[in-house]
Amino acid sequence: MQLEKLLSNKVIQAIQLLYNVTPEAKAITFQKTNKEFEGDLTLVIFPFLKASKKSPEETGKQIGEHLRSNTPEIENFNVVKGFLNITISPAFWINYFNDVAGNPNFAFVPVSNTSPTVMVEYSSPNTNKPLHLGHLRNILLGYSVAEILKANGNKVIQTNLVNDRGIHICKSMLAWKKWGSGERPETASMKGDHLVGKYYVTFDKHLKLQIAELKLAGLSDEDAQKKAPLMLEVQEMLRRWEEGDKEVVALWKTMNNWVYKGFDETYKMLGVNFDKMYFESNTYLHGKKLVEEGLNKNVFTKKEDGSVRIDLSGDDLGEKVLLRADGTSVYITQDLGTAVERFKEFPELSKLIYTVGNEQDYHFKVLFLILKKLGYKWAEECYHLSYGMVELPEGKMKSREGTVVDADDLINEMIDTARETTLKLGKTDELSAAEAERLYYLIALSALKYFILKVDPKKKMLFDPKESIDFNGNTGPFIQYTYARIQSVLRKAEKTDDRRWTAITLKDKEKNIIKLIYEFPVALGHAAKEYNPAVVANYVYELSKEYNQFYHDITILKEVDANLRNFRLALSKKTGEVIRSAMKLLGIDVPERM
RNA sequence: GGCCCUGUAGUUCAAUGGAUAGAACGGAAGUUUCCUAAACUUUAAAUGGAGGUUCGAUUCCUCUCGGGGCUACCA
């Protein structure tokens, strides 16, 4: 970054001197020089042609000359069409490397007491079924964004708002009561979340049968859905739950606890954690107070039927109900209340990030707008981290239709594949059984996490269960492999040298690696600004690829010049360090051997 | 119907308005007396279509054709 800043100033100077005008800052754009040309950075000349009244080539030359004679960091330049390709002196790159080599945290912004506090909510599951691939994207994304924000100097509170109450969990409860015969996770040898999910499906199956019967008896589809006995029963159960009926609440607690135990296992497997858990059973009433507030402020209106609404048609969002005619609150009312509570609990919060799929874009637009209309100025700081759906080749996943990829199953399949592949490659010779198992786990999780995180969150992504996730090419294991190779070299070198390097003639591959290391902090900043782990994923892939080329072309351990040998070792060590920290931000661990 | 998102090699993904649109997988052809071949090298292959703004458009605007989502007194 420093470099671009420095050069920008020089360019402004040059243009003032040469053409007697001051260019706008945004007119000065640097980009990486394409590999087919000589140079490190390229200045686009076109914006300055009006001022220079000369051809692009001529203008480029004039600016280039000025830059070269006034900037010691610039070694040379050439002009191709409207592009000024600048070659930075090797001394600059070596100095840069010297400056950062000894500092493992060189790319991170330190967190202090005065750092801004950001809350990141993610996962936020329902407690009626196990986690699936869609949740996985949510969890990995939220976790990684939280890590990236920490690396950029934010204090981060990671939260999970568990949707533990409502009609969905009552469905599982009712089905279990009717058809469960007292089955428990231990007796069924099933994870608790899977067991509860099983009864959710059971409920749906029976409900469908009832609806079909009613329709045969002549009822309309809508009536059949409403009047099915199971539907009435489950609504009654929810009502009893809200009244605090002892038996219902006890069952609710029992079954939710089964689910939490199951979720915890999955979270542990994924290596994610939360600083604070919220449960909707505690928060779902918060919104009601706000309704009063909104009515007093004339932001909301009460209709004759008793329902409370807000008219957002001025903002093209239509009319929204906030309180039903019977006085009960709806989803958005809860969310309003919860947001207000959070800013009360953490007044220092400077950002509140919701990791939720893009199917709820409308919901969050409405939510933030209402908060703003209620006069909460922090509403501006609420952000919907909206991500695209994970689709299967046949379309969207639907839990009730059983077309979901279960998270636990997927993880276990990945571990099996990792084991198979590793054994086939004969890479386990030096490892104990426990070490080998640990390695399969690391590889499996990296393949899975990288596969998901390398895609721009905003975009939908496709997952084909028939094609297992790759271990070659642009994948997590490729990056892990690069890291393991580096560690192998370092082990064989026995000792490395941390002094400042001078008198090194940089080869292209070496310079490229230093340039990529130089870009690490830039990538981190970019990733944080965009809330986009894919930036980090793409970065660390590029670095790994570059290192593998270096490794292939240039000898390290057998280099006879001790100075060069030690420099290459230091470069390798640093590269490994950057790979490890970048992967850590994606929630991925790297093995020392593989 | 209205609103929002999205269309890039056969496939999965890249590309702050900048050069001849990058990778990976798959395809074709190679590299191991040499620090880990989960690697490296070479090769064929793409911006849905039509306009517009611009010195310059995958990127911004309009239309059009595909794909997805939202549009509940569900969560």
Side-chain angles (χ1 to χ4, degrees), chain A residues 26 29-31 33-37 42 44-47 49-50 56 80-83 85 126 163 165-168 280 284 303 305-309 316-318 320-332 334-335 357-363 365 386 388-389 391 395-396 418 421-422 424-425 427 443 447 451 454-456 458-464 467 469-482 484-493 526 529-530 534-535 537-538 541-542 544-545 547-549 551-559 568-569 572 593-594:
Chain A
K26 67 170 186 202
T29 53
F30 287 101
Q31 53 187 320
T33 303
N34 282 12
K35 14 180 207 302
E36 66 256 47
F37 303 112
T42 295
V44 183
I45 294 300
F46 297 106
L49 296 185
K50 267 189 192 139
V80 181
K81 294 185 202 166
F83 299 90
N85 301 321
N126 291 350
N163 189 335
R165 50 142 246 128
I167 199 86
H168 56 270
E280 249 185 50
Y284 82 108
K303 300 283 168 174
D305 64 3
S307 65
V308 175
R309 305 177 187 212
D316 286 327
L317 293 170
K320 201 76 198 162
V321 170
L322 295 162
L323 215 56
R324 296 190 188 99
D326 65 6
T328 56
S329 61
V330 294
Y331 185 45
I332 194 146
Q334 299 178 31
D335 271 1
N358 64 10
E359 56 198 348
Q360 297 203 41
D361 284 355
Y362 171 74
H363 172 79
K365 262 189 207 163
S386 167
M389 297 287 99
E391 287 177 13
K396 203 188 165 186
T421 310
T422 308
K424 202 161 65 191
L425 291 170
K427 299 262 188 175
I443 293 172
F451 177 82
K454 77 170 177 188
V455 182
D456 184 335
K458 289 193 289 291
K459 298 195 176 172
K460 67 166 192 276
M461 61 178 294
L462 192 108
F463 176 80
D464 189 347
E467 290 178 36
I469 295 175
D470 243 299
F471 289 1
N472 299 323
N474 187 357
T475 66
F478 168 87
I479 296 161
Q480 289 181 315
Y481 175 71
T482 311
R485 262 186 157 177
I486 291 172
Q487 302 319 305
S488 170
V489 172
L490 295 178
R491 276 193 301 272
K492 286 186 175 142
H526 186 195
K529 199 170 146 237
E530 308 277 324
V535 172
N538 291 330
Y541 171 64
E542 209 182 319
S544 301
K545 211 165 52 137
Y547 184 85
N548 273 321
Q549 290 169 16
Y551 179 94
H552 183 268
D553 292 355
I554 298 173
T555 185
I556 303 169
L557 294 174
K558 291 191 177 155
E559 172 59 53
R568 286 174 193 159
L569 282 169
S572 300
R593 332 171 175 250
M594 73 183 272

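Values reported hereafter were calculated over all heavy atoms of this structure, with side chains retained and with hydrogens, waters and symmetry mates removed. Chain A is the first sequence line, chain B the second, and so forth, proteins listed ahead of strands; every chain is numbered from 1.
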Ignoring the backbone of [X], work out which of [options] is nearest its side chain.
X      : options                : answer
A:F37  : B:rC40, B:rU12, B:rA19 : B:rA19
A:E280 : B:rA24, B:rA75, B:rA38 : B:rA75
A:S307 : B:rA19, B:rA75, B:rC73 : B:rC73
A:E36  : B:rC13, B:rU20, B:rA39 : B:rU20
A:K81  : B:rA75, B:rC35, B:rA19 : B:rA19
A:I556 : B:rA24, B:rC73, B:rC35 : B:rC35
A:I443 : B:rA38, B:rC13, B:rA75 : B:rA38
A:K545 : B:rC13, B:rU36, B:rC40 : B:rC40
A:N163 : B:rA75, B:rC13, B:rA23 : B:rA75
A:F478 : B:rA38, B:rA39, B:rA24 : B:rA39

For [X], which contact category applies under a 4.0 Å heavy-atom criterion: base, sugar-phosphate, or nothing?
X      : answer
A:A493 : nothing
A:D335 : nothing
A:T29  : base
A:L49  : nothing
A:I554 : base
A:T42  : base
A:D464 : nothing
A:V489 : sugar-phosphate
A:M461 : sugar-phosphate
A:T475 : nothing
A:Y362 : sugar-phosphate
A:Y284 : nothing
A:E391 : sugar-phosphate
A:L322 : nothing

Could you tell me if A:T475 and A:D470 have a donor-acceptor pair between their side chains, going purely by distance under 3.5 Å? no
hbond_proxy [X] side chain to [N] base (donor-acceptor, 3.5 Å cutoff):
X      : N      : result
A:T482 : B:rA39 : no
A:N548 : B:rA38 : no
A:K427 : B:rU36 : yes

Can A:F46 be classed as stacking with the base of B:rG56, given a centroid separation cut-off of 5.5 Å and a plane angle cut-off of 30°? no
I'd like to check, for A:F83, whether its ring lies over the base of B:rG18 with centroids under 5.5 Å apart and a plane angle smaller than 30°. no
Taking side chain as C-beta onward, heavy atoms only, is [X] less than 4.5 Å from [Y]?
X      : Y      : value
A:F463 : A:F451 : yes
A:Q480 : A:F471 : no
A:V44  : A:F83  : yes
A:V489 : A:R568 : no
A:N548 : A:F478 : yes
A:Y547 : A:S572 : yes

Rounded interatomic separation in angstrom, taking [atom1] from [X] and [atom2] from [N]:
X      : N      : atom1 : atom2 : answer
A:H552 : B:rA37 : NE2   : C1'   : 9 Å
A:F471 : B:rU36 : CZ    : C1'   : 17 Å
A:L317 : B:rA72 : CG    : P     : 13 Å
A:K424 : B:rA38 : NZ    : P     : 12 Å
A:L462 : B:rG10 : CG    : P     : 16 Å
A:I479 : B:rA23 : CD1   : P     : 16 Å
A:N538 : B:rA21 : CG    : C1'   : 16 Å

Quick one: is [X] getting a side-chain N or O under 4.0 Å of the [N] phosphate, OP1 or OP2?
X      : N      : value
A:K459 : B:rG7  : yes
A:Q31  : B:rA15 : no
A:N472 : B:rA39 : yes
A:R485 : B:rA37 : yes
A:K35  : B:rA23 : yes
A:T421 : B:rA38 : no
A:Y551 : B:rC40 : no

Hey, which of these two, A:K320 or A:D553, hits RNA chain B nearer its 5' end, going by closest nucleotide? A:D553
Comparing nearest nucleotides in RNA chain B, the 5'-proximal residue of the pair A:V44, A:A325 is A:V44
Point-to-point distance, once rounded to the nearest 0.5 Å, from [atom1] of [X] to [atom2] of [Y]:
X      : Y      : atom1 : atom2 : answer
A:N85  : A:Q31  : CG    : CD    : 9.0 Å
A:M389 : A:E359 : CE    : CD    : 4.0 Å
A:I479 : A:E542 : CD1   : CD    : 11.0 Å

Pairing residues for A:Y331 by the ring pair (Phe, Tyr, Trp, His ring centres under 6.0 Å) criterion, not counting sequence neighbours: A:H363
Can you tell me, in whole Å, how much space there is between the C1' of B:rA21 and that of B:rG56? 15 Å
In whole Å, what separates the P atom of B:rA15 from that of B:rA23? 14 Å
Note every stem involving RNA chain B: at least three consecutive Watson-Crick or G-U wobble pairs, i with j then i+1 with j-1, with both distances under 3.5 Å. B:1-7 with B:65-71, B:10-13 with B:22-25, B:27-31 with B:39-43, B:48-52 with B:60-64
Excluding sequence neighbours, so at least two apart, what forms salt bridge (Lys or Arg N to Asp or Glu O under 4.0 Å) with A:R485? none
